[in-house]
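So you know, we letter chains A, B, ... as the sequences are listed, proteins then strands, and number each from 1.
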There are 2 protein chains.
Amino acid sequence: MGQRLNGGYMPRSYFGDVRQLHLFSEMTEDSYEQLMRGSYVQNFPPQIDMIHEGESSDFLHVVLSGAVELYASWNGRETSMDIVRPISTFILAATIKDAPYLMSARTIEKSRIALIPSQDVRAAFDADNDFARAIVTELAQCYRTVVKTHKDVKLRTSLERLANYLLRQQVRAGGADKFDLPFEKRVLSSLLGMTPENLSRAFKSLIPYGVVVDGRAIHIQSPSDLREFAKPSPLIDDRGSITVGGTVGET
Amino acid sequence: MGQRLNGGYMPRSYFGDVRQLHLFSEMTEDSYEQLMRGSYVQNFPPQIDMIHEGESSDFLHVVLSGAVELYASWNGRETSMDIVRPISTFILAATIKDAPYLMSARTIEKSRIALIPSQDVRAAFDADNDFARAIVTELAQCYRTVVKTHKDVKLRTSLERLANYLLRQQVRAGGADKFDLPFEKRVLSSLLGMTPENLSRAFKSLIPYGVVVDGRAIHIQSPSDLREFAKPSPLIDDRGSITVGGTVGET
DNA sequence: CACGCGACTTGATATTTGTCAACCGTTCGA
DNA sequence: TCGAACGGTTGACAAATATCAAGTCGCGTG
């Protein structure tokens, strides 16, 4: 699935957004300059494989626009691990540890990605104390998100995971009772750890709780009924919602 | 399950082992002294609840001896998330972020635990650059371990998880073809995301691959057969093996 | 416009996993 | 020493989930 793509160097001005990330905002101007010197921005069409698990981590990636699917494979099977949306980094841990990627990454939409050489990140980590501290915050955040995801999978049935996912999306949509799924249902099914067929049936099972689905359009007719069934917990479902400029909310 | 326990202050000399952890070995003598000033060591009998998910993180915990089970609950269900063995910290991410615990912790054996006030850890994090960097390494390690665990659950059946678990334990046992399970089977079943009944049957299903079980004693008669079935992958199964003094091996 | 492709759905069926109840064997304490 | 408690096992059954095959629908292209 997906193919590789080369080329696409962009002017330096495109890095503007990167500086707004908490990870980089605390850096000295010096080390930020140093870090961006070897970096570049690439535009990717949808469905392009950018990195593959097992490879060594040459670049820290920053999603500037679009969306990237992190996925993993084993023995001919494949599962979606996370969807990364702007503005966020991915594979930070592999970069810092200079260890192989544990996940593969592909675009699921047309995306603009900043690529920062891993060795430069590690150099900045050694040289800039504030940058090192920012990385701690970022990693702790990532760690807690994975733990929550893992709890989700181990403690809930697929139907419960879907119900809680919809409630989380509703929060993201500002509490509106109507919103669109942010990607294809087959991606969602893999993210939730189920088959597309199972997801399709799960949506039907949520009709009694006031969930109406039309294509990607979701209508939560009775949030209270859905919440009563889903029993969302802040210790599983409060995922850091991202706004430009940093992370918002407890995580 | 388990009860709370108070008291049990110990003399300072008991902290010796803590200094050997990579997390603390790089600290300045000053900040280490500062950090240990408010810390103490407690002895816990088995099956004692030490922390509960949702509580605020008052202490960073270090397992000096024994074993601690990290587990999570939701809606009346419970699952084992990880077993922490000496010498390792747990709930570092919650401590750093000053956020609620995502997991509960109980001893599964008689254990000696060092308790370091979270606010002191955060103060040391602010004051000591090398300590901040050590935390990065530790968190990146933890993050990658959870990702591997998550891949294990999403990509494998329970039988495959058991087979690979046994192979990992064999490595821990120095490659010996006979070793003991490090804890009760019901804990193992929860850790692997299955019921005790299912685990019992899974062991039987591995007989054709040369796995002989007698109580906690495991005999891998034909490692090659088991490996052929389990198909272990470094990107899932290479978990950092801990030795006194630091982490060993790629993770 | 018709065609084909891809995403999604639906039905039938199989596999995996969980639940419930009964039972075995060991341990530990009255 | 007896027996209750507990961990583990087993069997019968139920629920959750996956698989396979055949659709439907919408959309973009030749």
Inset, instruction - Answer with base, sugar-phosphate or nothing: what part of the nucleic acid does A:T195 contact at a heavy-atom distance below 4.0 Å? - result: base
Rounded distance (Å) that lies between atom [atom2] of [N] and atom [atom1] of [X]:
| X | N | atom1 | atom2 | value |
| --- | --- | --- | --- | --- |
| A:E184 | D:dC27 | CD | P | 14 Å |
| A:F183 | C:dG6 | CZ | P | 21 Å |
| A:R161 | D:dT17 | CZ | P | 6 Å |
| B:R216 | C:dT26 | CZ | P | 16 Å |
| A:K154 | C:dT17 | NZ | P | 13 Å |
| B:K185 | D:dC6 | NZ | P | 19 Å |
| A:L199 | C:dT10 | CG | P | 12 Å |
| B:M194 | C:dT19 | CE | C1' | 15 Å |

Legend entry - Set of ring-ring contact (aromatic ring centres under 6.0 Å, His included) partners for A:F229, sequence neighbours left out: A:Y209
Has the side chain of [X] got a donor or acceptor that lies under 3.5 Å from a partner of the other kind on the base of [N]?
| X | N | value |
| --- | --- | --- |
| A:R186 | C:dG6 | no |
| B:R201 | D:dG11 | yes |
| B:E197 | C:dC20 | yes |

Legend entry - B:H150 and A:H150 aromatic ring geometry - parallel, tilted or perpendicular at 30°/60° bounds: perpendicular
Inset, instruction - Please check the phosphate of D:dG8 (OP1 and OP2 only) for any side-chain N or O of B:S200 closer than 4.0 Å. - result: no
Inset, instruction - Establish, yes or no, whether the cationic atom of A:R106 lies under 6.0 Å from the six-membered ring centre of A:Y71 and within 45° of the ring axis. - result: yes
Side-chain atoms of residues 188-206 of chain B: list all donor-acceptor pairs with protein atoms under 3.5 Å, sequence neighbours left out, distances to 0.1 Å.
unit_1 : atom_1 : unit_2 : atom_2 : d
B:S189 : OG     : B:R186 : O      : 2.7
B:S190 : OG     : B:S80  : N      : 2.7
B:T195 : OG1    : B:N198 : N      : 3.2
B:S205 : OG     : B:R201 : O      : 3.0

